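Reading through the structure tokens given below for one structure.
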There are 2 protein chains.
Amino acid sequence: MLPAEIVPVPLAVDLVVLTVRDDTLCVLLVRRGIEPFAGRWALPGGFVRPDEDLDAAAVRELREETGLARSTGHLEQLATYADLDRDPRGRVATVAYLALAPDLPVPVAGTDAAASRWWAVTDIPRAGSDGDSGANGTDGGTGGDGRAVGGMTGLAFDHARILADGVERARSKIEYSPVATAFCPPEFTVAQLRRIYEIVWGTRLDPRNFHRKVTRTAGFLVPTGRTTTRDGGRPAELFTRGDARLLHPAMLRPEPEDR
Amino acid sequence: MLPAEIVPVPLAVDLVVLTVRDDTLCVLLVRRGIEPFAGRWALPGGFVRPDEDLDAAAVRELREETGLARSTGHLEQLATYADLDRDPRGRVATVAYLALAPDLPVPVAGTDAAASRWWAVTDIPRAGSDGDSGANGTDGGTGGDGRAVGGMTGLAFDHARILADGVERARSKIEYSPVATAFCPPEFTVAQLRRIYEIVWGTRLDPRNFHRKVTRTAGFLVPTGRTTTRDGGRPAELFTRGDARLLHPAMLRPEPEDR
DNA sequence: TAAATAGTGTCTGTTAGACACTATTTT
DNA sequence: AAAATAGTGTCTAACAGACACTATTTA
């Protein structure tokens, strides 16, 4: 039997769902419809049901919030947060997951969310703003340098920290694994993949060296033989994801640009 | 208020405490004194107290089980495990931590553990064995290839999987961060550090190239000016840890040796 | 034709791996 | 001196970054 003095805690999963759209790294946020933090923006998530494992709960939440199928994109456990004061209702432990997805149709409103939308990670709503200035969609220009995640935000709970951890994980993981392809549609060009790296890292990459690098790293890309039709330019070859799980050698993230 | 249908779960932390001793990568295991799995070997750990955060619980358990001070070695969150069937008492979520420590004196028996000792990670007790064949200490020769973590083991709960995840994390983390120094005493030689890499990776490294690599990677090592006295050989310079948190460029893990 | 994007080749500097060689100790 | 370990230098192959150049499309 369990010792009597143990206090069990409610167990939740929260999702950092990232995508690249309109040349911006975006995260899916939902506006909370209930207390605590009613009206504030938060990461999508919910409590783990008594009959499901953590991964199953994350997959279910992802489907409920985005309609994303299990096989699309990438999903991995990020970290667990259980600080005593992170939820005013008392201690709640949340297991955060990181999801990377291709540009999706407008998200579906979840069960307990009044609304949901994509936010540029450099332009997270501040405390006090109602966050509707950008209508539904991302606003084109980012105020930041393309790398930082706003420090003082109005996100509910400790979700600003979880988001920052998720973005940092994504930025480092595309260095040594091919998960950047999770941001791409099933078939994609080298230029599309390069834009992903440039946007996630906030840097510029030489198109020619990038092309050589990704096409010659074993298992990264599989040529389909097909090409895209383009407007003004040579058609690009289309690729699908290879079966490599790690990149040897890794992609090198350039030093941050001074600008 | 929390929705009524939420079932709170007991929250524990478990530690994968690794060290290098007698030229072997070792993990600290405790023999369980109480049910479930009484008599079986398990990772040290315990339930999170109502008034402490996860990191605090991990630090407390580490001190209780090993006497290890907070500042020694390295401690980081590994992953969270909450499968429904991982504990016969019902669902228990455990947040696993990875600790890397220098070779320590014989561990102290914990509060609810009948005994504790270091085990070579390649020689984890099997189901059915009582695990006392090696007396107190690690047995010199490893049966394995120096890399695998025994698949079918007799560890309690899902601790074999957690241990495997922890070892894999350690093996990859020393590639791109200087945490291998956490296995070393406060002052150490290049050869000591090289043995750490060789033992954790299960490979041989060229002493001369390794020396050049670690001494020329900015922030990895700080020379103290002192040297060791040795028996038969030129005295080696002593170093302390540098302040780098990431290695640029990373250490390269050689292909596994065929032997 | 020009403009635009895709893709190849070439040069150079850095670094990893192999290994000859020197340096400093104990026996 | 011999043995042992520490540390440096040198050569070569792989690879990243810079960038000239060719290829294939649309307007």
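Just so it is clear, the model here is predicted, and its values are computed rather than measured.
The salt bridge (charged side-chain N to carboxylate O under 4.0 Å, His left out) check on B:Arg194 picks up B:Glu198, with sequence neighbours excluded. Listed by chain and number, the residues in a side-chain hydrogen bond (donor to acceptor under 3.5 Å, both in side chains) with A:Arg63 amount to none (sequence neighbours excluded). With sequence neighbours left out, the salt bridge (charged side-chain N to carboxylate O under 4.0 Å, His left out) criterion links A:Lys213 to no other residue. Residues that satisfy the side-chain contact (heavy atoms from CB on, under 4.5 Å) test with B:Gln192, not counting sequence neighbours, are B:Pro185, B:Phe188, B:Thr189. Applying the salt bridge (charged side-chain N to carboxylate O under 4.0 Å, His left out) rule to A:Arg212 yields no partners; only residues at least two apart in sequence or on another chain are considered. In this structure, the side-chain hydrogen bond (donor to acceptor under 3.5 Å, both in side chains) partners of B:Glu187, at least two apart in sequence or on a different chain, are B:Arg226. Residues meeting the ring-ring contact (aromatic ring centres under 6.0 Å, His included) test with B:Tyr197, sequence neighbours left out: B:Trp201, B:Phe210. When the salt bridge (charged side-chain N to carboxylate O under 4.0 Å, His left out) test is applied to A:Asp55, no partner is found at least two apart in sequence or on another chain.
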Under 3.5 Å, which protein N or O atoms sit close to an N or O of nucleotides 12-15 of chain D? Give each pair with its distance.
none

Could you go through nucleotides 24-27 of chain D and list every protein N or O atom that sits under 3.5 Å from one of its N or O atoms, giving the distance for each pair?
| unit_1 | atom_1 | unit_2 | atom_2 | d |
| --- | --- | --- | --- | --- |
| D:dT24 | O2 | A:Arg234 | N | 3.2 |
| D:dT25 | O2 | A:Gly233 | N | 3.0 |
| D:dT26 | O4' | A:Gly232 | N | 3.2 |

Using atom types as modelled, flag every donor-acceptor pair under 3.5 Å from a side chain in residues 232-254 of chain B to any protein atom, sequence neighbours excluded.
| unit_1 | atom_1 | unit_2 | atom_2 | d |
| --- | --- | --- | --- | --- |
| B:Arg241 | NH2 | B:Thr181 | O | 3.4 |
| B:Arg241 | NH2 | B:Cys184 | O | 3.2 |
| B:Arg253 | NE | B:Glu175 | OE2 | 2.9 |
| B:Arg253 | NH2 | B:Glu175 | OE2 | 2.9 |

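If you walk DNA chain C from 5' to 3' and mark each nucleotide with an atom closer than 4.0 Å to a heavy atom of chain A, the marks span C:dA4 to C:dT10.
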